[in-house]
Amino acid sequence: MPSPYEGTTIKHRQHLAISAYWFATNFLWGALLVLMLPNEMRMLAPHYRVAALGLLTGIAAIVALTVPLIVGALSDRCTSPRGRRRPYIIAGVTINVIGLGLMAAAFTFADKIPSPPAGQEPGQWQTIGILLSHPGFLWFLLAFIVVQFGNNVASAAYSGIIPDLIPEEQRGAASGYMALMSQGGTLFGGVVVGFLLGKQPEWIKYGVLALVLAVVASVTIKGI
């Protein structure tokens, strides 16, 4: 498929629009993985916080490993009139935002997991059983899986945008914009959530993540 920009020089604002979603998704993960999840597990499961964080990220990593393989192939073959990438990006971002809302609700309403009685330290498998049998943690885990699923649906399709749209001789510049937006997203995610919103309730932080994701992703959706 020939590039729609073939024979033209892509302008700075077009590069920024095309790469905007890299800012959005890295803003999300820069705040969520580095700051929010460790803090939330310290409050939700203080005695099991290391195991809880490992279980969350480990199970979600399975989604991150498998979904892109499937969605990437599906989006390559998509014949939608809206383009082969755009429908998956829209669906993925929508699912991602819903998952963030579920995570906020789970953390807000979940009861803290009690510590074991003194001298009765559970083993590894007992700890996993305690975590997975706790309704609040299980809800939070499932919500996080929804976030991972939606984000990887969108990101898998989006990863094909530069090869799809950018002429070969301008892909170096496009990769530079991609790197700029990726690093900027991670940096601003940490600054906004960790510094500007550090003392705010978690549901406000989730709301900001969802808002940034939806608004910035819409720039890319309109710009590709």
Side-chain angles (χ1 to χ4, degrees), residues 21 24-72 74-75 87-116 122-159 185 189 193 197 200-214 217:
Y21 180 74
T25 189
N26 282 281
F27 185 96
L28 168 70
W29 294 119
L32 195 58
L33 290 181
V34 178
L35 299 172
M36 293 174 64
L37 285 184
N39 183 57
E40 288 162 0
M41 291 305 99
R42 187 162 50 248
M43 291 186 280
L44 180 61
H47 189 80
Y48 309 102
R49 60 186 182 277
V50 175
L53 187 60
L55 196 59
L56 278 172
T57 54
I59 292 177
I62 298 173
V63 178
L65 285 171
T66 55
V67 170
L69 299 176
I70 300 170
V71 173
L74 290 175
S75 66
Y88 288 93
I89 297 173
I90 293 172
V93 170
T94 301
I95 295 169
N96 196 338
V97 169
I98 292 172
L100 289 171
L102 293 173
M103 287 182 72
F107 180 78
T108 301
F109 297 111
D111 295 325
K112 184 173 72 173
I113 302 176
S115 300
Q124 179 181 1
W125 292 107
Q126 288 176 305
T127 297
I128 293 174
I130 291 170
L131 291 170
L132 294 180
S133 63
H134 187 270
F137 179 81
L138 188 58
W139 178 6
F140 192 87
L141 170 62
L142 293 175
F144 185 52
I145 289 173
V146 172
V147 168
Q148 276 279 12
F149 177 80
N151 189 269
N152 279 277
V153 167
S155 297
Y158 180 64
S159 296
V193 172
L197 300 177
Q200 298 300 317
E202 293 299 288
W203 67 267
I204 291 181
K205 298 176 185 177
Y206 278 106
V208 170
L209 292 184
L211 181 64
V212 170
L213 185 70

Open item on the list: Can you confirm whether Y48 is buried at OH, in the sense that more than 12 heavy atoms of other residues, nucleotides or ligands lie under 6.0 Å from that atom?
Closed with: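 More than 12 within 6.0 Å, yes.
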- [ ] Return yes when atom CH2 of W139 has more than 12 non-hydrogen atoms of other residues, nucleotides or ligands closer than 6.0 Å, and no otherwise.
- [x]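 Yes, enclosed.
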Which heavy atom in [X] sits nearest to a heavy atom in [Y], and how many Å separate them?
X: G72; Y: A156; answer: N-CB, 4.1 Å
X: G136; Y: A110; answer: CA-CB, 3.6 Å
X: A45; Y: L131; answer: CB-CD2, 4.3 Å
X: A217; Y: A24; answer: N-CB, 4.4 Å
X: T127; Y: A51; answer: CG2-CB, 3.7 Å

Open item on the list: Among N152, V153, L28, V146, which residue satisfies the side chain to side chain contact (heavy atoms under 4.5 Å, CB included) criterion with N96?
Closed with: L28
TODO: Applying side-chain contact (heavy atoms from CB on, under 4.5 Å), run through V193 and V34 and close with a yes or a no.
DONE: CA-CA 10 Å; V193 172; V34 178; over 6 Å; no
Close side-chain approach of [X] to [Y], heavy-atom, < 4.5 Å:
X: L142; Y: L102; value: no
X: F144; Y: I59; value: no
X: L55; Y: F137; value: yes
X: L213; Y: V97; value: yes
X: S75; Y: Y158; value: no
X: F140; Y: L37; value: yes
X: V71; Y: F149; value: no

Separation between [atom1] of [X] and [atom2] of [Y], rounded to the nearest 0.5 Å:
X: I95; Y: I90; atom1: CD1; atom2: CD1; answer: 12.0 Å
X: S133; Y: Q126; atom1: OG; atom2: CD; answer: 11.5 Å
X: M36; Y: M41; atom1: CE; atom2: CE; answer: 10.5 Å
X: L53; Y: L33; atom1: CG; atom2: CG; answer: 8.5 Å
X: N39; Y: L44; atom1: CG; atom2: CG; answer: 11.0 Å
X: M103; Y: L141; atom1: CE; atom2: CG; answer: 9.5 Å

Pair up each side-chain donor or acceptor in residues 205-212 with any protein partner under 3.5 Å, not counting sequence neighbours, and list the distances.
residue, atom, partner, partner atom, Å
K205, NZ, G198, O, 3.4
K205, NZ, E202, OE2, 2.9
Y206, OH, E40, OE1, 2.8
Y206, OH, E40, OE2, 3.1

TODO: Answer yes or no: is there a donor N or O on one side and an acceptor on the other, between the side chain of H134 and the main chain of P114, under 3.5 Å?
DONE: no
Task: Whether T25 side chain and Y21 backbone form a donor-acceptor pair below 3.5 Å - done: no
